[in-house]
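Everything on this sheet refers to the single structure shown next.
Please read all numbers here as calculations on a predicted model, not as lab measurements.
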Amino acid sequence: QVCAQLCRRPCYCPWVPPRCPRGSPLVLDGCGCCKICARRLGEPCDFLHVCDQSQGLICDYSSASAGTGGTCNFEDDEEGCEVNGRVYREGEVFQPSCKIQCQCLDGGFNCIPLCQEDVRLPTPDCPYPQRVEIPGKCCPEWICEAQDQHLLQDARAVSPLLRFPCQEWGTEWSACSATCGVGFATRVSNQNRYCRLETQRRLCLLRPCPALPA
């Protein structure tokens, strides 16, 4: 009886199907009539607006009040995580980019860098090591590029007084240790009271973490 009330026959659908956001496939609505964008994890749903079954999602009415729709959730309370619009199963390993590898764990995800975060200190044959992006390669590499001493002198002339009594040297800040939420980045620098090379850390935040499903 409910289906008969909600599903009108014959079907009348738009000529042009909707354009779905990334990670949301086109599926038939609950009446099996028109193509719609499947709802993703945590999005509202009802009889007509169905969830993405290819990701193992169902319309969960357990926390909905009477007469309202539900929320797309995993069947049987299965844990999972959503990254960039795509849902991953518990324990699944994936790579959001070529530089990091992640694993879905307990509704969140842990990531490790695939690029070596090594530190190259100055040497006589490489006094100014720099880590640069190489076209066609994923991970940055160290190169030895001799800096122009005149440029350094000019920069020193127009810059305010140095905070420390030694020529500044340091590596670039590393990638943030967390792909979402607060993490930390590290570098090696001699900008301290004793002009000694030391590892320094600072907090970083790439983006907020998505809200976990209820």
Side-chain angles (χ1 to χ4, degrees), residues 21-23 40-42 79-212:
R22 186 176 181 181
R40 297 174 294 179
L41 180 65
E79 294 287 347
C81 55
E82 181 180 10
V83 182
N84 296 330
R86 181 175 175 183
V87 178
Y88 297 92
R89 298 293 185 90
E90 174 72 12
E92 186 174 356
V93 176
F94 59 96
Q95 286 186 229
S97 73
C98 60
K99 295 183 179 181
I100 57 174
Q101 177 175 291
C102 304
Q103 185 178 19
C104 182
L105 291 172
D106 298 329
F109 51 92
N110 295 332
C111 299
I112 58 173
L114 297 178
C115 298
Q116 292 185 355
E117 298 293 337
D118 56 335
V119 175
R120 181 165 185 171
L121 302 180
T123 57
D125 60 333
C126 186
Y128 301 106
Q130 292 185 356
R131 202 173 191 186
V132 298
E133 299 286 344
I134 305 297
K137 294 188 177 181
C138 177
C139 298
E141 296 183 1
W142 288 100
I143 63 171
C144 297
E145 183 177 348
Q147 299 184 5
D148 192 339
Q149 296 297 325
H150 296 292
L151 294 178
L152 291 176
Q153 294 174 2
D154 294 341
R156 204 175 293 119
V158 299
S159 63
L161 294 176
L162 293 175
R163 295 168 52 197
F164 305 102
C166 55
Q167 181 176 349
E168 181 177 2
W169 185 92
T171 63
E172 297 293 332
W173 287 103
S174 69
C176 193
S177 62
T179 57
C180 76
V182 178
F184 62 87
T186 60
R187 73 170 182 177
V188 174
S189 175
N190 67 346
Q191 294 302 284
N192 53 63
R193 180 181 301 178
Y194 305 103
C195 292
R196 296 174 181 174
L197 290 174
E198 65 177 6
T199 300
Q200 300 175 344
R201 291 179 173 84
R202 70 178 181 184
L203 296 178
C204 52
L205 176 65
L206 296 181
R207 62 182 180 86
C209 289
L212 295 177

Quick one: are Arg187 and Thr199 in side-chain contact, heavy atoms under 4.5 Å? no
Would you find a donor on one side and an acceptor on the other, under 3.5 Å apart, between the side chain of Gln103 and the backbone of Gly91? yes
Would you name the heavy atoms of Pro135 and Glu133 that are closest together and state the gap between them? CD-O, 3.8 Å
Answer yes or no: is the gap between the SG atoms of Cys139 and Cys98 smaller than 2.5 Å? no
Look up atom CG in Leu114 and atom OG in Ser97, then write down how far apart they are to the nearest 0.5 Å. 7.5 Å
SG-SG distance Cys138 to Cys115 under 2.5 Å: no
Could you state the interatomic distance from CD (Glu141) to CD (Gln130), rounded to the nearest 0.5 Å? 14.0 Å
Passes side-chain contact (heavy atoms from CB on, under 4.5 Å), Val188 versus Gln200? Steps please. CA-CA 6 Å; Val188 174; Gln200 300 175 344; over 6 Å; no
Does anything in residues 170-184 pair up under side-chain hydrogen bond (donor to acceptor under 3.5 Å, both in side chains), and if so which pairs, sequence neighbours excluded? Ser174-Thr186
Evaluate Cys144 against Cys126 for disulfide bond (SG atoms under 2.5 Å apart), listing each step before the verdict. CA-CA 5 Å; Cys144 297; Cys126 186; 2.0 Å; yes
